[in-house]
Number of protein chains: 2
Amino acid sequence: MELKTFSALAEPNRLLIVELLRGGPLTVGEIADRLNLRQPQASKHLKILLEAGLVDVHADANRRNYRLRPEPFRELDEWLNSYRLWEERFDQLNRYLQILQAQPNSRRNNDVEDDRQS
Amino acid sequence: MELKTFSALAEPNRLLIVELLRGGPLTVGEIADRLNLRQPQASKHLKILLEAGLVDVHADANRRNYRLRPEPFRELDEWLNSYRLWEERFDQLNRYLQILQAQPNSRRNNDVEDDRQS
DNA sequence: TTAAAATATTCCTTGACGGGAATATTCTTT
DNA sequence: AAAGAATATTCCCGTCAAGGAATATTTTAA
């Protein structure tokens, strides 16, 4: 999994930008306006998103249209896939533990406060 | 989407810890060993993962067993869901643009290098 | 009770990051 | 050519996060 993706999304304003771009490509100025950012900060954040591969740019005369790229999201999705298998095992383990707990025969010594009488 | 999840996963060693814990619960020392971390750093990273809800602890005498929690991954998955819809629209738009490009009648002025003759 | 093991916490230092302000760059319009 | 709009870049500063080293805490073992 690409670390850059997580770092890029870990910043509040950048996550907002990403969410915003779901509605379609936007210009730097539009992004700055809607998120109440100053233009330089918008540009800086977009640069980082760009280097992380989360967006790309299409120059249109004076303006630059930024839009989301689907690849990082697909990658994230595949990464999560390797955890879905793990989740299943996790659930199975839980069920197993509940079965164990339902059997009152063997005493366990964790969780037990302290019951020796000096 | 929880920002803490992204920040927690944005750190190299913490991402490694998470990947490592897929194999099952591990002790602080085991984690430090396998990742060549010093024990204090392992503890610190685990604390952050704990506060982000990515892991939980089960005290067992001297040792502490850390294990992954499934919830953040499910949340991430649901967040990605809202992007799958967007991806579809993205693909449709791409197809549409290719159709436009296949029609050589209307001339576009973006992307065109510069073809005026002096 | 004392020593040792496993873990957590604190203090310190350093480097990266984000915002503010100013400035540079590029393109358009007149 | 000159002015203005849209964007990028630079410099400065304050903050925060991470590693190193030392120490505190808790539990087991002797």
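Just so we're on the same page: letters track the sequence lines, and every chain starts at 1. No experiment lies behind these values; they were computed from the predicted model shown. These values consider heavy atoms only, across backbone and side chains, with no hydrogens, waters or symmetry-generated copies.
Between Y66(B) and dA6(C) there is no side-chain N or O to OP1 or OP2 distance below 4.0 Å. Considering only side-chain N and O atoms, T27(A) lies under 4.0 angstrom from the phosphate OP1 or OP2 of dT7(D).
With rounding to whole Å, L46(A) atom CG is found 11 Å from dA8(D) atom C1'. Atoms CD (E11(B)) and P (dA16(C)) sit 14 Å apart, rounded to a whole Å. The CG-C1' distance, from N65(B) to dT27(D), rounds to 15 Å in whole Å. Residue I17(A) contributes atom CD1, which lies 11 Å from atom P of dG18(C) at whole-angstrom precision. Between L35(A) atom CG and dG18(C) atom P there is a gap of 15 Å when expressed in whole angstrom units. If you take CG of L49(B) and P of dA8(C), they are 12 Å apart, rounded to a whole angstrom. Protein atom CG of L50(B) is 14 Å distant from nucleotide atom P of dT7(C), rounded to whole Å. Rounded to a whole Å, the CZ atom of R63(A) is 13 Å from the C1' atom of dG4(D).
One N or O donor and one acceptor, one from the side chain of K44(B) and one from the base of dT10(C), sit under 3.5 Å apart. Donor-acceptor pairing under 3.5 Å, judged by distance alone, is absent between the side chain of Q39(B) and the base of dA6(C).
The Q41(B) side chain lies nearest to dG20(D) when the options are dA8(C), dA18(D), dG20(D). Ranking dT28(D), dT9(D), dA8(C) by closeness to the P40(A) side chain, first place goes to dT9(D). When the nucleotides dC27(C), dA8(C), dG19(C) are ranked by their closest atom to the side chain of R64(B), dA8(C) comes out on top. Candidate nucleotides dT7(C), dT9(C), dT27(D) were compared by shortest atom distance to the side chain of N62(B), and dT27(D) ranks first. Minimum atom distance to the side chain of H45(A) is reached by dG19(C), of the listed dT9(D), dA21(D), dG19(C). Listed candidates were dA8(C), dT28(D), dA18(D). Nearest to the side chain of R14(B) is dA18(D). Considering only the side chain of R38(B), dG20(D) comes nearest among dG20(D), dT9(C), dT28(C).
In this structure, R22(A) pairs ionically with E19(A), as a charged nitrogen and a carboxylate oxygen lie closer than 4.0 Å. A salt bridge is absent between E30(A) and R63(A); no separation between the charged side-chain nitrogens and carboxylate oxygens falls under 4.0 Å. Between K4(B) and E2(B) there is no salt bridge, since no side-chain N of the basic residue sits under 4.0 Å from a carboxylate O of the acidic one.
Residue L68(A) holds its CG atom at 5.0 Å from CZ of F73(A), rounded to the nearest 0.5 Å. H45(B) NE2 to E11(B) CD: the interatomic distance, rounded to the nearest 0.5 Å, is 4.0 Å.
Note on I48(A): only backbone sugar-phosphate atoms sit closer than 4.0 angstrom, heavy atoms only; bases stay farther off.
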